[in-house]
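Hydrogens, waters and symmetry mates play no part in the numbers below; they use all other heavy atoms, side chains included. In what follows, chains carry the letters A, B, and so on, assigned in the order in which the sequence lines appear, proteins first and then strands, with residues in each chain numbered from 1.
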2 protein chains.
Amino acid sequence: MSLRHAILVLLQDQEASGYDLAREFANSIGLVWNATHQQIYLELGKLNEQDMVKYRHIPQDGKPDKKLYRITDAGRDELIRWLRKPAAPPRIRDSFMVKIAGGALSEPSAVLRELEDQADLRRERLSTFEALAKALAERNSEKDMYTYLTLRRGILDQQAWLSWADEVRAELHKREDLPTSA
Amino acid sequence: MSLRHAILVLLQDQEASGYDLAREFANSIGLVWNATHQQIYLELGKLNEQDMVKYRHIPQDGKPDKKLYRITDAGRDELIRWLRKPAAPPRIRDSFMVKIAGGALSEPSAVLRELEDQADLRRERLSTFEALAKALAERNSEKDMYTYLTLRRGILDQQAWLSWADEVRAELHKREDLPTSA
DNA sequence: TCTACTTATTCAACGGATTGCGCAGCAATA
DNA sequence: TATTGCTGCGCAATCCGTTGAATAAGTAGA
């Protein structure tokens with residue numbers, strides 16, 4: 001659980017609606033970790049109940065009304081408290097690892113096929129991230145730095161996965177008698 | 001959701017109780033991804049209802065009775081079906097990324113301190129994994145291979161995180177005027 | 001003109017995961 | 001003797017996350 005804190009972080013800078021947050025999410029942390037708008041609205045509701053945020057109701061014409069949320073002092077306190085509290089590193093929860101263990105017992109070639117599919121996806125993601133990171137690095141602004149670092153995290157993660165895939169491929173070919181190419 | 005499939009994979013080899021599975025989990029996939037016994041018992045219950053597994057009730061003296069679960073044909077079918085179905089790569093859900101974005105706005109030094117704490121943890125985990133992997137590689141048995149690959153995944157993951165931490169450290173030092181050492 | 005997208009919020013349902021608790025008895029150790 | 005730790009199972013509550021859908025009105029494009 002840290003979506004609530006992610007929201008509080010984003011609200012530190014400016015007032016925003018749930019919709020705004022959903023978009024901002026998609027452009028920063030969400031590049032790597034996405035949250036749906038439902039989640040965000042839900043969390044905003046809870047934060048409001050707990051007086052971590054408050055909102056102004058803004059009637060609009062042409063567009064639907066919106067609620068502009070702002071962080072409160074209680075919210076800022078909670079955020080700081082959370083920042084101080086050390087967090088446990090997240091677990092890897094990759095179903096593909098299960099497939100490797102399972103596939104070897106039934107269909108090794110199917111696992112290899114999926115390995116290649118996943119690798120393609122990862123390579124694609126990698127080049128997307130690299131392009132975005134390059135663009136951000138050139139602008140070199142203070143505000144973009146966190147987005148840049150987030151992207152770097154994503155990049156290193158893809159690279160690590162791809163290296164792992166190389167090892168898995170080699171191991172499987174070594175053990176089974178499988179063709180060298182797909 | 002792939003705990004159910006992880007369980008089915010483990011049950012392919014042998015009959016096991018929930019307790020056994022919890023332990024096996026801790027020694028293979030669970031090195032990297034842990035599941036609690038509650039989750040496992042719950043999942044076994046559901047799998048049983050759906051006839052994916054069946055069990056024999058084993059009375060014991062000295063110890064509490066146990067249920068030895070075995071995979072059924074329906075379970076094996078389900079497993080194969082799942083193995084064939086391509087899965088989406090998991091998202092990175094690391095609250096530390098949120099902290100970086102948040103900490104810079106309030107207390108950069110606290111974030112750096114936690115970065116080092118996390119790095120220590122990761123380094124520890126890394127050397128544990130490396131020791132285990134080395135031992136497994138020497139035994140070089142067919143059955144250990146999947147555990148070995150799982151460990152390699154964990155190792156590469158820790159290394160990637162540590163590289164990222166180096167970048168974060170460098171970036172933060174570049175921007176803020178902070179001392180070079182902790 | 002009809003379709004599709006954007007802005008904006010919310011409800012409902014389900015399933016997965018975590019936390020906390022309880023029961024039960026044996027073995028080892030402090 | 002008292003405490004801890006291991007084997008073994010389970011319930012209940014809560015939370016987190018995903019999917020799907022509904023409502024509502026403007027605007028851009030085929």
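- Residue B:Tyr41 places at least one side-chain N or O closer than 4.0 Å to OP1 or OP2 of D:dC9.
- Atom pair B:Tyr55:OH and D:dG10:P shows a separation of 7 Å (rounding to whole Å applied).
- A:Gln60 has no side-chain polar atom (N or O) that falls below the 4.0 Å cut-off from OP1 or OP2 of C:dT7.
- D:dG17 atom P lies 10 Å from atom CD1 of A:Ile7, rounded to whole Å.
- Between A:Gln14 and A:Glu24, the side chains place a donor N or O and an acceptor N or O closer than 3.5 Å (distance only, hydrogens not considered).
- The CG atom of A:Asp65 sits 11 Å away from the C1' atom of D:dA25 (whole-angstrom rounding).
- Looking at the side chain of B:Tyr19, the nearest of the listed nucleotides C:dT19, D:dT7, C:dT10 is D:dT7.
- Here the P atom of nucleotide D:dT19 and the CG atom of A:Leu42 are 16 Å apart, to the nearest Å.
- Checked for salt-bridge contact, B:Arg56 and B:Glu15 meet the test: a charged N lies under 4.0 Å from a carboxylate O.
- Here A:Lys46 does not reach the OP1 or OP2 of D:dC15: none of its side-chain N or O atoms lies under 4.0 Å away.
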Grab the N/O contacts between the protein and nucleotides 21-26 of chain C below 3.5 Å, and write none if there aren't any.
from	atom 1	to	atom 2	distance (Å)
C:dC21	N4	B:Gln38	NE2	3.2
C:dC26	O4'	B:Gly62	O	3.3

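- Hydrophobic clustering (ILVMFWY, side-chain heavy atoms < 4.5 Å, transitive): A:Tyr19 and A:Val9 are in distinct clusters.
- Side-chain atoms of A:Ser163 and A:Asp166 form no donor-acceptor pair, as typed in the model, at a separation below 3.5 Å.
- Between C:dT7 and A:Ser17, no contact under 4.0 Å exists linking OP1 or OP2 to a side-chain N or O.
- For the pair B:Arg113 and B:Glu116, the salt-bridge criterion is not met [side-chain N within less than 4.0 Å of a carboxylate O].
- Between A:Arg93 and the phosphate of C:dG16, there is no side-chain N or O to OP1/OP2 separation shorter than 4.0 Å.
- Taking each heavy atom of A:Leu3 and A:Ala35 in turn, the nearest pair found is CD1-CB, 4.0 Å.
- Across the interface with DNA chain D, nearest-nucleotide mapping of B:Arg23 and B:Tyr69 shows B:Arg23 to be the residue nearer the 5′ end.
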